[in-house]
Every structure is written in structure tokens, then in C-alpha cells.
Novice: 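Have a look at the structure that comes next, please.
Hydrogens, waters and symmetry mates play no part in the numbers below; they use all other heavy atoms, side chains included.
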Amino acid sequence: MTRETIRRLEERDTWLDAERAFEIGLILGVPKEALGFSYAQDAYGWAARVLPVVGSIGDGDEVMFEQTSRCRAGAAHLPAGSVALEIRHGKMRGWLLVYNERSLEPMTADVLSRQGANEYFISHITDGTTWWRHISPAAEQRLFHLTSRHLDAIHDVQIEWVAKIVAIQTASFELPTREQLSDVGSQ
């Protein structure tokens, strides 16, 4: 590969196809998805999507939100607005739970029917906590139980909003932040 080709690829003056990215990735020892990722809206369709890490899921399945600039590589099919929570306990420790931050919705009977027998939503309740648990209706209208196969249930809570889980994926490689990319470009 010539210096001119490398310059054109770096400045996005030429198209980087997945096959060429794979070959370059083998030489550099990085996945092809890392070579094509971009914070720009017109990133390569086969490349990693930027997946901001917005918190974690700890013991008891409670979601702990935190301010962070960390980003992981997400699958190319993830919708815009997807964010990740790192799972920090149990058999899935190290995996990422992905939901769409732009698709928060109120708790409805439709949510219950779409959930089925699985934990397809995270639930933010009125006391300010957020949980990854199965939602079931309580006896009193507009109250719910948050249950788990292995943990004590949380009874009679009001749910402020839910967010549908769009993916659960293995933790992939860390992506540089915008600031880190700016630092590299200015050197």
C-alpha cells in the first residue's frame, strides 16, 4: 500500500471496504470494525458503532448510572441512541446490556405483553432507582412487582419509565473518546 493510499484512507478521501479493513487489521492486530469506526453520522456500515458506557448493573440487578466518557465498540446493527451498561456480577459479568436512550416509554399493558417471560426492559421507578428485572402487575392499579429468579422481589412500585433492551453482547474493545482522537489529530 502506498503512502498516498494511506493518506487518502486516513482523510476519508477514498472508500475503505470491509475486505481491505480486514487485511489491514490483520497486519496491525486489530479488528476491522475498529478501523472503520467514526463518530460521524456517515460511518462505514460494517464498522463498529460508538456505544457510550453510561453505567453498570451491580449485584441485585440495580442499574447504577455514572458520568463517563468511555465508549465500547457496538455492533453495526444497533440503532442510533444506543448506550451500554456493563454487567458486573453473575454469569454474564463482563457483558454489555444495550438499550436505546432515546426510546424511554411509560409503563403500559403493551410493555407487559412485549416482555413475555423475559427481562427485556430496564425499569426506572419513582424512588429514583433503576432495575433490570421482570415486571409483573401488582394487585393495586399502577403498581408493579420487579422480580428475579434468584433475588428477592421488589413489591408495589410505581414505574416512571422503561427502556427496551436492544442487545446483550460481549464486551468488545474500548474505543477512543472524541478528545483522544482530537489529541492524536493535533500532534
Novice: Taking all non-hydrogen atoms of both residues, which atom of Pro52 and which atom of Cys71 are closest, and how far apart?
Specialist: CA-SG, 4.0 Å

Novice: Can you tell me which residue among Ile135, Ile122, Ile125, Thr108 is in a side chain to side chain contact (heavy atoms under 4.5 Å, CB included) with Val162?
Specialist: Ile135

Novice: Kindly indicate whether the side chain of Asp156, heavy atoms from C-beta on, has any atom under 4.5 Å from the side chain of Glu140.
Specialist: no

Novice: Distance from His89 atom NE2 to Ser56 atom OG, nearest 0.5 Å?
Specialist: 10.5 Å

Novice: Using side-chain heavy atoms (C-beta onward) and a distance below 4.5 Å, is Leu112 in contact with Met107?
Specialist: yes

Novice: Side-chain contact test, heavy atoms from C-beta onward, threshold under 4.5 Å: evaluate it for Leu143 versus Gln158 and give yes or no.
Specialist: yes

Novice: Are Glu66 and Glu86 close enough that some pair of their side-chain heavy atoms sits under 4.5 Å apart?
Specialist: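 They are not in side-chain contact.
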
Novice: Give a yes or no on whether Trp95 and Val83 share a hydrophobic cluster (residues Ile, Leu, Val, Met, Phe, Trp, Tyr; joining criterion: side-chain heavy atoms under 4.5 Å apart).
Specialist: yes

Novice: Please answer whether the main-chain N or O of Tyr120 pairs with a side-chain N or O of Asn118 as donor and acceptor at a distance below 3.5 Å.
Specialist: no

Novice: Please test Arg7 against Asp13 for side-chain contact (heavy atoms from CB on, under 4.5 Å), starting from the C-alpha separation and ending with a verdict.
Specialist: CA-CA 8 Å; Arg7 182 201 63 76; Asp13 287 341; 3.2 Å; yes

Novice: Under 3.5 Å, is there a donor-acceptor pair between the side chain of Arg133 and the main chain of Gly60?
Specialist: yes

Novice: With hydrophobic residues grouped by side-chain heavy-atom distances under 4.5 Å, do Tyr99 and Ile57 end up in a single group?
Specialist: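 As far as the 4.5 Å side-chain criterion goes, Ile57 and Tyr99 are connected within one cluster.
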
Novice: How long is the span from the CZ atom in Phe121 to the CZ atom in Arg114, to the nearest 0.5 Å?
Specialist: 4.0 Å

Novice: Is it the case that more than 12 heavy atoms not belonging to Phe173 sit under 6.0 Å from its CZ atom?
Specialist: yes

Novice: Can you tell me how far apart OG1 (Thr170) and CE (Met92) are? Round to the nearest 0.5 Å.
Specialist: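 It comes to 10.0 Å.
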
Novice: Treat each ILVMFWY residue as a node, draw an edge where side-chain heavy atoms are under 4.5 Å apart, and state whether Ile165 and Val111 are in one component.
Specialist: no

Novice: Ignoring hydrogens, what is the shortest heavy-atom contact between Ser82 and Val166? Give both atom names and the distance.
Specialist: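 Minimum heavy-atom separation between Ser82 and Val166: OG-CG2, 4.1 Å.
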
Novice: Return each pair, listed once, that meets ring-ring contact (aromatic ring centres under 6.0 Å, His included) where at least one residue sits in residues 130-167; pairs must be two or more places apart or across chains.
Specialist: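 Residue pairs with at least one partner in residues 130-167: His124-Trp161, His145-His155.
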
Novice: Val54 versus Leu85: any side-chain heavy-atom pair under 4.5 Å?
Specialist: yes

Novice: To check you understand the geometry: which heavy-atom pair defines the closest contact between Ala80 and Arg102, and what is its length?
Specialist: CB-NH1, 3.5 Å

Novice: When clusters are formed by joining ILVMFWY residues with side-chain heavy atoms under 4.5 Å apart, either directly or through shared neighbours, do Val63 and Leu146 land in the same one?
Specialist: no

Novice: Quick one: pull up CG in Asp59 and CZ in Arg93 and give me the separation to the nearest 0.5 Å.
Specialist: 11.0 Å

Novice: Let me confirm one number: the CG-OG1 distance from Asp152 to Thr147, rounded to the nearest 0.5 Å.
Specialist: 11.5 Å

Novice: Does this structure show an ion pair linking Arg20 with Glu23, if we count only N-O contacts that are shorter than 4.0 Å?
Specialist: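 No salt bridge links Arg20 with Glu23.
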
Novice: Is it true that Leu51 and Leu104 fall in one hydrophobic cluster, defined by side-chain heavy atoms closer than 4.5 Å?
Specialist: no

Novice: Below 4.5 Å, heavy atoms only, C-beta onward: do Gln169 and Arg72 meet side chain to side chain?
Specialist: no

Novice: So how far is it from Thr5 OG1 to Leu16 CG, rounded to the nearest 0.5 Å?
Specialist: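 One gets 11.5 Å once the value is rounded to the nearest 0.5 Å.
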
